[in-house]
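Report on one structure; see the data block that follows.
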Amino acid sequence: MVGLGPTDATPSVVVKFVSAGAAACIADLLTFPLDTAKVRLQIQGEERASAAAGEGPAVKYRGVFGTISTMVRTEGPRSIYSGLVAGLQRQMSFASVRIGLYDSVKQFYTEGTGIGSRLLAGCTTGAMAVAFAQPTDVVKVRFQAQARSPGQARRYSGTIDAYKTIAKEEGIKGLWRGTAPNVARNAIVNCTELVTYDLMKDALLTFYSTDNLPCHFVCAFGAGLCTTVIASPVDVVKTRYMNAAPGLYSSVLNCATAMMTKEGPFAFYKGFMPSFLRLGSWNVMMFVTYEQLKRAMMLLQRTVKQLWACTMISMK
């Protein structure tokens, strides 16, 4: 058996909730530079348009690792982790809900065995997570998008300053900027990611595999690939809209239309490779860690109960 084996007892909602948040934070720590590179590539067309209009210099990023290299060279190594604090805040409030509550919500919709109940559960927990975590997502994207070029004033001095500045300059609504595309994105991401993982795991356990680490790895990789292909266009529009200056786009639809008109259909797949590298690696790390953390917490819980029982018996 590779990794911790499955337990007889079913993990509680609390165990799943905590395990999902912790696993997502671990995955974010390891893949955050890829996410930052993805954001920079997604907004690059916007920056080139500004440069063409004479509003600033064009920033040229080429490829995932070229983007990371350029950022480290021009802005310093800390730049690739810009927005990490907000990112971890986001995962603790976001992944805990959308992943940790998925099984419970799936069971709420009938018996949770059909694909319909899985899709409904994915949409529900995805929307719930956005309602909680949208401000952290806005701050994370703003930090990742801001360049630290010499002589260029930074948009925000820190995470708390970013929350305060956005609320002051754009109102409380500014912290929920881009909620509509984010709800759409997370409905798509959650349904694709969790349902693909769920279905692949069921298929592997039925015909080929055992419930172990290699099984989780294969399912997580497949979920990451499917999610990237389906969700990338919505993700690009979400990033552009959330990072845009007030008044640049009148709506999410206007943002998407402007992208299509000025940059063509391929604009919706800007940053696809870093998106895939990030989502693929993030899914593998998150799901593998999540499955192991659930089992570790269950094992710890059982051990504590046994020790407590032994202590009570010895005291009699």
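For clarity, every value in this text was computed on a predicted model and none was experimentally measured. All values below were derived from every heavy atom in this structure, side-chain atoms included, with hydrogens, water molecules and symmetry-related copies excluded.
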Without swapping roles, check the side chain of [X] against the backbone of [Y] for a donor-acceptor pair under 3.5 Å.
{"X": "Thr31", "Y": "Leu34", "result": "no"}
{"X": "Asp198", "Y": "Leu194", "result": "no"}
{"X": "Tyr156", "Y": "Tyr163", "result": "no"}
{"X": "Glu170", "Y": "Pro246", "result": "no"}
{"X": "Thr36", "Y": "Ile80", "result": "yes"}

To the nearest 0.5 Å, what is the distance between [atom1] ([X]) and [atom2] ([Y])?
{"X": "Met286", "Y": "Glu193", "atom1": "CE", "atom2": "CD", "value": "5.5 Å"}
{"X": "Thr289", "Y": "Leu30", "atom1": "OG1", "atom2": "CG", "value": "8.0 Å"}
{"X": "Arg98", "Y": "Ser93", "atom1": "CZ", "atom2": "OG", "value": "11.5 Å"}

**Study point:** Derivation and outcome, side chain to side chain donor-acceptor pair (under 3.5 Å), residues Tyr109 and Thr124
**Key:** CA-CA 10 Å; Tyr109 293 118; Thr124 302; 2.8 Å; yes
Review point. Taking the six-membered ring of Tyr290, is NZ or CZ of Lys294 closer than 6.0 Å to its centre and within 45° of its axis?
Key: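 Positive - Lys294 is close enough to the ring of Tyr290 and near enough to its axis.
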Check your understanding: Can you tell me if CE on Met273 sees more than 12 non-hydrogen neighbours from other groups inside 6.0 Å?
Key ->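 Incorrect, the count does not exceed 12.
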Practice item. Please confirm whether Phe287 and Tyr197 have ring centers closer than 6.0 angstrom. Key: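 Yes, they do, as the ring centres are separated by less than 6.0 Å.
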